[in-house]
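Residue numbering restarts at 1 for every chain, and letters A, B, ... go by the order of the sequence lines.
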Amino acid sequence: MAFVKVAARDTQQDTANPRALEYDALELQLHDESADVRRWAARDLVDCPSASRMLVGRLHEEGDASVREVILTALTIRGDDIAMTGLVECLRSEHVSLRNEAVEAMKQLPEKMAPIIRELLGDPDPDVRIFAVNILESLRHPEVESWLISVIETDPELNVCATAVDLLGEVGSPAARLPLHRIKERYADVPYIQFAAEVALSRLGGE
Amino acid sequence: MKRILIVDDAGTVRMYHRKILESAGFAVEEAVNGIEAIEKSLQRAFDLYIVDVNMPKLDGYGFLRELREQKLAQVPAIMVSTEAESADQSQAYAAGANAYLIKPVKPDELKSLVKLLIGEPR
Amino acid sequence: MAEIEITSADFEKFREFFYRKTGIQFEPSKRYFVDKRLVERIEATQTQNFRNYFTTLRFEASGEELQNLTNIMTVNETYFFREEYQFECLVNSILPDVVSRKGDNGPIRIWAVPSSSGEEPYSIAMYLLEFWAGINQWDVEIISSDIDTEVLAKARAGLYSDRSVQHLPLRLLQKYFKSTGDGHQISQDLRDAVDFTRVNLADRGTTRDYRDFDVVFCRNLLIYFDDISRRGAAETIYDALKPEGFVCLGHSESMSRFSSLYKVRKFDEARVYQRPADSK
């Protein structure tokens, strides 16, 4: 036996991606029995104008992790309003991995997140607020630091504040010094806050 | 010396847990998500895991399930989470956790739980 | 220009960020190594201080500076038998596993991407001929792809410098290469053994026909991609593999930073990743 070349490939010409007429078929394939077929359908739908609606619809009922991952990547690439709304909904899912996957996807969409992040930071569910702080990590927006400062000054939930303190150590400026000292006083009996605020203060500079 | 793997995506939390455990005399390693934790578990044996719930790529439940199913380690695991509800705790036990702590943990609480589960550092 | 200073706090901040992004963890003893390269990049990007540079690194949409920095923090050279332990793993562990599950007599299919100038796919072919008895029983198809048509032409030509072949045992150099005036020409047999093709891992169009591989080598590539491209590339490779097929990454790369699609599999020689078996 030996080395073989099974099929010579044309190395210049790319196989065409699907066109508009094929989108209906892809929508059906998104519900096919085979995960392979569903994965390919999700990828091929990325250029279809109404893809986000189909993909979001499938995301919540999709049981196969590999298909979910591809759907989330496709939604990230699209990043339109329907995709964003679908991702935000995932933050409230009971499904832990779906929640975390959605956070990861949203971190890839900083420009799209900026207008909705304030709302999420004010969400009644503290877990959603923690996720919102996590998403801030990837946001290049002039107000990130002031949002974080406002979280540690006003959020009633200890763990939301703790997450914000952690991130301030990475993105904060000397403007965060005073708020960090204040939260240390406010949670004087919480060793973790003492520790995390000290770490953040040591990284801010400007003393 | 007994060796503990801290699995958490938050750098400050890992530093905090590390400081507590090292001051108690344990050796510590870190991983940022469940997949890295599996990789490290294949490289060497740990005596205990401290595992966060919410992490990218592979979350804490998924990690523990895989650890137990693949029989990589039957050693104790402590799950740490911000969620106090009993549904979350029972999910953690079902995934293979031996104990559950609510974040942020207190140093003495963590130290005594660790010693209860695996004894003194050496 | 004033001396650029990297404080301990800066170092810590950078260390955590770089670890989170790449999986590469610098011990405090590497401080000098890291600082020196950070200063080099701060100067090259004219960002003036660590703080500005760190902001660029974290937020630049193209991810280009993170790629530049990763490049100088890791040594990325290509030469024959680079990271040889993975080829040992291929012949001693991966292929025996593949063969034991194989239900037909068709060829075993290996995809090496990026091909770069060909050192890696030719190393694989040589390794199979020299160190894998199975080559007498099985057909093997090696396809190697790159986005860059210039390096593909170099790979097909198979002419290498002293530097490229310096880690090859002399016996193999003599057996598979012919000395020419300006280097070492790889034998026609080996050139015939590898099918070089142009592929863009980020483009579904070019990768659609790449299916049913038993093993994919994708070393020292994904670490330089931005997050969304590496997710896409990991998905492409997943669909290119047969269920239970294997992926080998570079030694400083960890799938934990790229994708959650794969299972980690530990062999004696190396850690590799495996597409899970189909659930149904």
message: Quick check on R182(A): does its CZ atom have over 12 non-hydrogen neighbours (other residues, nucleotides or ligands) under 6.0 Å away?
response: yes
message: Out of V165(A), I193(A), L158(A), N159(A), return the one with the most heavy atom pairs under 4.5 angstrom to chain B.
response: N159(A)
- prompt: Of all of K106(B), Q91(B), K19(B), which one pairs up most often with chain A through heavy atoms under 4.5 Å apart?
  reply: K19(B)
field: Nearest-0.5 Å distance that lies between atom CG in L167(A) and atom OG1 in T12(B)
entry: 9.0 Å
Which atoms of A196(A) approach chain B - backbone, side chain, both or neither, heavy atom under 4.5 Å: both
field: Non-hydrogen atoms of D166(A) and G11(B) that approach each other most closely
entry: OD2-N, 4.1 Å
- request: Using non-hydrogen atoms and a 4.5 Å limit, figure out which bit of I130(A) sits close to chain B: side chain, backbone, both or neither.
  value: side chain
message: If I take atom CZ from residue R99(A) and atom CG from residue D59(B), how far apart are they, to the nearest 0.5 angstrom?
response: 8.5 Å
task: Taking atom types as modelled, find out whether N100(A) and N54(B) have a side-chain donor-acceptor pair closer than 3.5 angstrom.
output: yes
Pair E104(A) + K57(B), salt bridge at N-O below 4.0 Å: yes
- prompt: Between V96(A) and chain B, which part of the residue has a heavy atom less than 4.5 Å away: side chain, backbone, both or neither?
  reply: both
- prompt: Got a sec: does the CD of E153(A) have more than 12 other heavy atoms crowding it under 6.0 Å?
  reply: yes
- line: Taking every heavy atom of V199(A) against every heavy atom of M15(B), the minimum-distance pair comes out as CG2-CE, 3.9 Å
- request: Give, for atom OG of S81(B) and atom CG of D127(A), the distance between the pair rounded to the nearest 0.5 Å.
  value: 7.5 Å
- prompt: How are the rings of Y16(B) and Y192(A) set to each other: parallel, tilted or perpendicular (split at 30° and 60°)?
  reply: perpendicular
D125(A) atom CG, over 12 foreign heavy atoms within 6.0 Å: yes
query: CD of E94(A): more than 12 outside heavy atoms within 6.0 angstrom?
result: no
